[in-house]
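To keep things clear, I will list the structure first and then write my remarks on it.
All chains are named by letter (A, B, ...) in the order of the sequence lines, taking the proteins before the strands, and each is independently numbered beginning at 1.
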Amino acid sequence: MELSAALNEQQLAAVEYCEGPLLILAGAGSGKTRVLIHRIAWLLRQGVAPERILAITFTNKAAQEMRDRATALVGVSISRMWISTFHAACVRILRRDIETMGYRTNFTIVDAGDSERIIRSVIKDLNLDDKRYPTGELSTLIDRAKNDMIDVSAYRSLAKDTFERNVALVYALYQDQLLKTNSLDFNDLINLTVRLFEEHPDVLARYQDQFQYLMVDEYQDTNHSQYRLVRLLAAPHQRICVVGDDDQGIYSWRGADISNILNFARDYPQARVIKLEQNYRSTQNILDAAWHVISKNLSRTEKRLWTERHSSDLVILQCLQNEHAEAQAIVLEIERIRAERHLKYSDFAVLYRVHSQSRVIEEKLIQRRIPYTIYSGLRFFERAEVKDVLAYLRVLVNPYDDQSMRRIINVPRRGIGDTTLSHVQEFAQQMQIPWYVALEMAEEIPNLNNRTVRRLTDLWRLLDDLRKMQEYLSVSELTEELLHRTGYRDLLEGSLKTEDQERLANLGELLNVTAEYDRRREEGQGLMEFLAEVALLSSSDLGDEELLDRVMLMSLHSAKGLEFSVVFLTGMEEGLFPFKRALDNDRELEEERRLCYVGMTRAKDLLYLSYTEGRAMYGQMFPAIPSRFLADIPKELIYDRKQPSRQKALQATTWSSSPPPSLFYESSRTITADKEAIPRMVGQMIITINVGDRVWHRNWEEGTVLSIKGSGEDTMAEVEFHGVGKKLLLLKFAGLEKVE
DNA sequence: AACCTTGGTGTTTTT
DNA sequence: CACCAAGGTT
């Protein structure tokens with residue numbers, strides 16, 4: 001039971017200010033979830049009915065946590081309160097009124113993978129060159145447009161060239177396909193709800209009236225459509241409380257717009273702003289170091305975290321020779337600190353900018369027999385076998401779902417090949433009917449032989465039987481029946497391949513998910529609700545990994561919201577972190593900085609920052625330069641662990657003044673060297689240059705060394721670049737390569 | 001339909 | 001280097 005007495009002054013103020021717009025700027029570890037649940041409790045105590053409250057989060061996990069903690073705090077049932085993600089709330093709203101928007105209630109929710117598949121087929125249908133129109137890029141463009149609620153006709157009229165006009169075409173056909181198959185992507189869930197509200201004032205009024213108190217968590221992560229949705233709901237009464245931290249906005253590339261939080265006071269002139277700056281997680285040294293990094297950003301609200309937790313531990317900085325040494329150092333340190341401080345493995349987290357960094361760290365952890373888990377993008381629900389079964393289930397709920405139909409029509413194999421497929425496709429198109437109906441009428445499809453017709457009608461009968469069984473079977477029973485009748489289970493059970501056994505295990509896991517759903521589902525909830533829930537679920541919502549005592553390996557992005565006693569922030573190198581694509585872009589650089597801030601503020605007690613002298617990427621060794629973020633941390637806060645490298649000029653150099661220029665990752669030219677030379681590359685590149693050597697520079701290309709001046713880290717070379725002229729270069733910055 | 005070769009690519013991923 | 005998608009081969 002959490003007591004109000006446990007709240008500080010600002011938290012209390014934030015809990016009790018309920019009658020107007022409120023922006024809570026909640027710094028990392030400042031207890032914002034606690035504020036939110038106390039606010040819920042406070043509202044209930046004021047006599048507000050639970051169903052009048054709408055609390056929105058971004059993740060299922062956050063919603064679940066809020067629900068659990070609020071239940072524990074208030075002691076009464078809050079099941080009538082809407083505590084959910086944006087998407088789940090929109091599904092609920094759309095189930096009721098989507099028919100006015102041209103879709104049917106039993107719509108399918110397609111995920112990113114499904115979207116890409118549709119886009120790929122659209123590109124193909126349009127005969128566009130997939131080199132110039134890559135699926136991934138188009139998918140990003142369409143996603144971005146939808147995030148900003150730019151619809152097809154707006155996109156078309158904004159198109160400036162052939163490329164953009166073609167994108168508009170793909171976008172249009174993509175939307176057509178979704179409409180035809182009664183499917184919505186994640187963006188549609190939000191956008192259609194906004195449109196529903198905008199085009200049907202009566203519907204909007206109903207929800208405005210119902211939700212007298214709005215709360216939005218992680219407001220810095222809202223995109224334009226979510227922003228509009230919130231504004232619509234809050235319009236009449238303005239009882240809107242948003243919580244967030246502009247310093248932790250790291251999802252702009254997903255459409256999140258940090259200006260939503262920065263402009264809150266402008267959007268709601270009556271707004272009150274409360275800053276939560278007392279931190280209950282980290283030591284003051286960690287907070288100060290993090291502040292020095294984040295305060296370099298221009299687009300942010302001024303705030304500085306403080307804590308009562310003082311410790312003499314400094315932020316530890318380590319420079320290692322390469323990524324293997326870095327991994328080794330981390331692993332040794334985990335063992336040492338764990339013993340010294342009596343910590344669990346799960347108190348340690350290793351964070352990285354890109355997943356590819358994890359492999360080397362894993363190797364060392366395995367060597368040392370240290371248990372670990374990787375939090376990665378590999379998702380259970382993206383496994384082919386799981387998608388197959390879900391596709392079957394989707395067809396049963398939404399017979400218009402041609403995407404799913406196409407997926408399962410020949411899975412398991414039933415001798416329906418490409419030719420048959422295109423005949424079915426053509427027939428369905430001409431008749432303006434979904435594939436499902438086309439199967440029923442298979443006899444009328446031209447150019448099919450009797451055997452094929454029978455296969456198709458057999459499949460239809462199978463699906464139709466299953467569809468009828470929905471009425472009286474639970475989701476688990478139906479899935480079992482499906483696995484049996486389709487022969488999917490037999491197929492895998494009969495196989496000796498290990499990957500098929502793995503698939504079988506995954507299907508077993510899927511049955512656990514259905515069983516869990518059946519257990520807790522409420523009256524009136526069935527397969528349709530199950531599918532929506534699953535579509536909006538992520539892998540991290542699954543499983544019990546947190547209970548296990550393991551070192552956590554994850555990307556900086558996935559670390560948001562978590563905390564660990566000891567955090568290792570790895571790969572603090574220009575081009576890696578900040579990532580190369582952000583180097584020439586101030587906006588993106590600010591986001592990288594926020595990412596760094598997020599990473600640093602995950603640490604409760606000890607924070608390690610590490611970088612290397614050189615790192616292998618794509619099988620090649622590149623020299624590394626310490627991240628500019630390191631230069632922002634005052635020396636007094638850092639314990640710089642000197643490491644015994646011979647290469648003095650490369651290490652312990654830069655964090656005095658301005659950020660170093662970016663040296664690697666940027667060059668379009670890769671270092672050409674035979675395999676023999678690779679291991680020696682790092683040393684060679686900068687250190688062993690002599691007068692008369694031919695060298696290569698990223699800007700001025702080839703040149704000849706005229707003279708060498710200075711020594712140690714201040715060594716400079718005078719180089720005559722062909723057709724450019726003489727340049728004096730500090731070796732530690734220049735990134736010169738020797739040309740053979 | 002399974003298998004192989006080739007070429008291109010290479011950030012992060014709450015729903 | 002390691003992965004994927006696409007295309008060709010058997």
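Checking the phosphate oxygens (OP1, OP2) of dT15(B), no side-chain nitrogen or oxygen of N187(A) falls inside 4.0 Å. Residue S555(A) places none of its side-chain N or O atoms closer than 4.0 Å to OP1 or OP2 of dT11(B). In this structure, S356(A) does not reach the dT11(B) phosphate: none of its side-chain N or O atoms is under 4.0 Å from OP1 or OP2. When the side-chain nitrogen and oxygen atoms of R413(A) are compared with OP1 and OP2 of dA1(B), one or more of them lie within a distance under 4.0 Å.
Between the CD atom of Q357(A) and the P atom of dA2(C) there is a distance of 17 Å, rounded to whole Å. Per the geometry, CZ belonging to R353(A) stands 14 Å off P belonging to dG10(B), to the nearest Å. We find that CD of Q620(A) is positioned 14 Å from C1' of dA2(C), with the value rounded to whole Å. Between K131(A) atom NZ and dA6(C) atom P the separation is 9 Å, expressed in whole Å. Whole-Å rounding puts the E137(A) CD to dG10(B) P distance at 10 Å. What separates CG of D221(A) from P of dT15(B) is a distance of 12 Å, to the nearest Å.
Looking at R254(A), its side chain comes within 3.5 Å of the base of dT15(B) through a donor and an acceptor atom.
Within 4.0 Å of T57(A), counting heavy atoms only, lies no atom of the nucleic acid at all. Contact annotation for Y251(A): base contact, defined as any heavy-atom pair under 4.0 Å involving a base atom. Among the protein residues, D217(A) comes within range of no part of the nucleic acid, since none of its heavy atoms lies under 4.0 Å from any strand.
Residue-nucleotide stacking is present for W253(A) and dT12(B), judged by a side-chain ring centre under 5.5 Å from the six-membered base ring centre and planes under 30° apart.
Between Y352(A) and H355(A), the angle of the ring planes goes over 60°, which puts this pair in the perpendicular group of the 30/60° scheme.
Counting only N and O atoms by type, the side chains of D143(A) and N187(A) include a donor and acceptor under 3.5 Å apart.
What you find for D500(A) and S495(A) is that their closest heavy atoms are OD2-OG, 2.5 Å.
Remark: R503(A) fails to qualify as a cation-pi partner of Y488(A) under the 6.0 Å distance and 45° angle criteria applied to the six-membered ring.
The listed nucleotides are dA1(B), dT11(B), dT15(B); the one nearest the side chain of L536(A) is dT15(B). When distances run from any side-chain atom of E588(A) to the nucleotides dT13(B), dT11(B), dT15(B), the shortest one goes to dT11(B). Among dA1(B), dT13(B), dT11(B), the nucleotide with an atom closest to any side-chain atom of N410(A) is dA1(B). Considering only the side chain of H355(A), dT12(B) comes nearest among dT11(B), dT15(B), dT12(B). Residue F186(A) has its side chain nearest to dT15(B) when only dT15(B), dA6(C), dG10(B) are considered.
The pair E218(A)-K32(A) meets the salt-bridge criterion, since a charged nitrogen lies less than 4.0 angstrom from a carboxylate oxygen.
Nucleotides dA6(C) and dT11(B) place their C1' atoms 25 Å apart, quoted to the nearest Å.
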